[in-house]
There are 2 protein chains.
Amino acid sequence: MRALNLTEPRRAVLEVVRQAHDHPTAAEIMERLAARGQRYAYATIYNSLRYLTEHGLIRELNLGNGISRYDGRLESHQHIVCVRCGAIAETLVDVPPEIARRMEGETGYRVNQVSLHVTGLCPACQAQESVIR
Amino acid sequence: MRALNLTEPRRAVLEVVRQAHDHPTAAEIMERLAARGQRYAYATIYNSLRYLTEHGLIRELNLGNGISRYDGRLESHQHIVCVRCGAIAETLVDVPPEIARRMEGETGYRVNQVSLHVTGLCPACQAQESVIR
DNA sequence: TTTCTTGCAAAACATTTGCAAATCG
DNA sequence: CGATTTGCAAATGTTTTGCAAGAAA
């Protein structure tokens with residue numbers, strides 16, 4: 001169970017996630033596969049996404065609204081979501097490692113993963129805001 | 001629409017959230033109200049929670065699994081969730097403010113809110129892990 | 001054969017919505 | 001009255017599950 005078993009649907013899902021530069025949801029991934037003529041059941045899409053996530057080939061993002069999005073970029077980076085239109089931007093700004101260490105000291109937990117959950121207004125929505133008022 | 005209109009269900013929801021020291025979900029809040037003899041429709045619970053959140057009386061937490069939890073503590077603090085049992089701990093460790101500024105510079109967004117999304121293993125689950133292997 | 005994987009449909013679950021009735025100012 | 005709020009039930013949307021069939025080891 002250690003070796004990577006990239007079945008056809010898993011490989012297809014992986015390709016779609018890697019090629020996307022937005023951060024597609026499971027439903028969007030299914031659509032894009034369908035557009036290529038590859039039709040899989042929801043169960044298969046979700047199974048593949050879990051498999052790929054657990055094997056570290058993709059990242060699952062939970063950006064606040066309860067819908068999982070998937071990211072093929074593995075280098076450490078963070079996301080910022082526009083509260084108005086939902087646009088997602090990426091940034092290389094990262095969390096200093098001593099934060100995890102201090103949290104461990106305070107709580108007794110062993111920290112696994114630290115990610116930032118940032119919301120704001122994207123440039124386009126900032127422009128609109130100033131028009132409105 | 002500026003003044004605070006704390007109707008009976010809103011006040012009741014607020015009390016439950018403030019008294020809780022876990023971070024209850026909407027369903028848990030409804031149960032606890034029912035246990036006190038106060039029965040409200042889901043719509044009312046959710047409306048009240050949104051109202052209280054928008055008016056800054058409580059915080060809505062999205063700790064990764066898509067279920068909203070609510071917190072009556074308003075002082076800035078962060079949460080860490082156990083990946084194994086879901087236990088939530090609080091910590092005062094916070095995100096340095098220059099992180100938000102650097103993100104703004106990188107993305108052009110105007111940052112609203114930065115919160116940490118930390119996962120790990122709670123002390124109890126750490127103990128069990130070492131027993132298992 | 002045993003194990004893993006897929007497909008389908010149904011189920012589960014959290015949350016939202018439409019609309020009528022009640023309440024408040 | 002006019003605006004807001006509540007209750008109920010149904011709808012929505014995402015994700016999971018049960019189970020049978022298929023593929024792989």
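So you know, we letter chains A, B, ... as the sequences are listed, proteins then strands, and number each from 1. All figures in this text were calculated on a predicted structure; none of them were measured in a lab.
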Q.
Treating primed atoms plus P, OP1 and OP2 as sugar-phosphate and everything else as base, which nucleotides of nucleotides 11-20 of chain D get B, S or - for protein heavy atoms under 4.0 Å?
A. ---SBBB---
Q) Using a cut-off of 4.0 Å between protein heavy atoms and nucleotide atoms, how would you tag nucleotides 20-25 of chain C 5' to 3' with B, S and -? A) ------
Over how many whole Å does the gap from [X] atom [atom1] to [N] atom [atom2] extend?
| X | N | atom1 | atom2 | value |
| --- | --- | --- | --- | --- |
| Met30(B) | dC8(D) | CE | P | 10 Å |
| Leu61(B) | dA14(C) | CG | C1' | 16 Å |
| Arg39(B) | dT6(D) | CZ | C1' | 16 Å |
| Glu54(A) | dC4(C) | CD | P | 14 Å |
| Leu49(B) | dT6(D) | CG | P | 12 Å |

(Q) Let's go through Leu121(B) and Asn112(A) carefully: what are the C-alpha distance in whole Å and the side-chain angles of both, what is the deciding distance for side-chain contact (heavy atoms from CB on, under 4.5 Å) to 0.1 Å, and is it a yes or a no? (A) CA-CA 7 Å; Leu121(B) 264 191; Asn112(A) 241 352; 5.7 Å; no
What distance do [X] atom [atom1] and [Y] atom [atom2] have between them, rounded to the nearest 0.5 Å?
| X | Y | atom1 | atom2 | answer |
| --- | --- | --- | --- | --- |
| Arg69(A) | Asn65(A) | CZ | CG | 7.0 Å |
| Thr119(A) | Arg84(A) | OG1 | CZ | 14.5 Å |
| Glu106(B) | Gln78(A) | CD | CD | 10.5 Å |

Side-chain donor or acceptor of [X] paired with backbone N/O of [Y] under 3.5 Å:
| X | Y | answer |
| --- | --- | --- |
| Glu104(A) | Val111(A) | yes |
| Thr44(A) | Tyr40(A) | no |
| Gln126(B) | Gly108(A) | yes |

Q. Which residues in residues 5-22 of chain B have at least one heavy atom lying under 4.0 Å from any atom of DNA chain C?
A. none
Q: Look at the aromatic rings of His79(B) and His77(B) and report parallel, tilted or perpendicular, splitting at 30° and 60°.
A: perpendicular
Q: Rounding to 10 degrees, work out the angle separating the end axes of the helix from dT1(C)-dA25(D) to dG25(C)-dC1(D) (five pairs an end).
A: 20°
(Q) Any carboxylate oxygen within less than 4.0 angstrom of a Lys/Arg side-chain nitrogen, looking at Arg36(B) and Glu15(B)? (A) yes
Q. Of all heavy-atom pairs between Thr91(B) and Val93(B), which one has the smallest distance, and what is that distance?
A. OG1-N, 2.9 Å
(Q) Taking side chain to side chain contact (heavy atoms under 4.5 Å, CB included) as the definition, give me every residue that meets it alongside Ser68(B), ordered by chain and number, with sequence neighbours left out. (A) Glu60(B), Asn62(B), Tyr70(B)
Q | Contacts of type salt bridge (charged side-chain N to carboxylate O under 4.0 Å, His left out), residue Glu31(A), not counting sequence neighbours | A | none
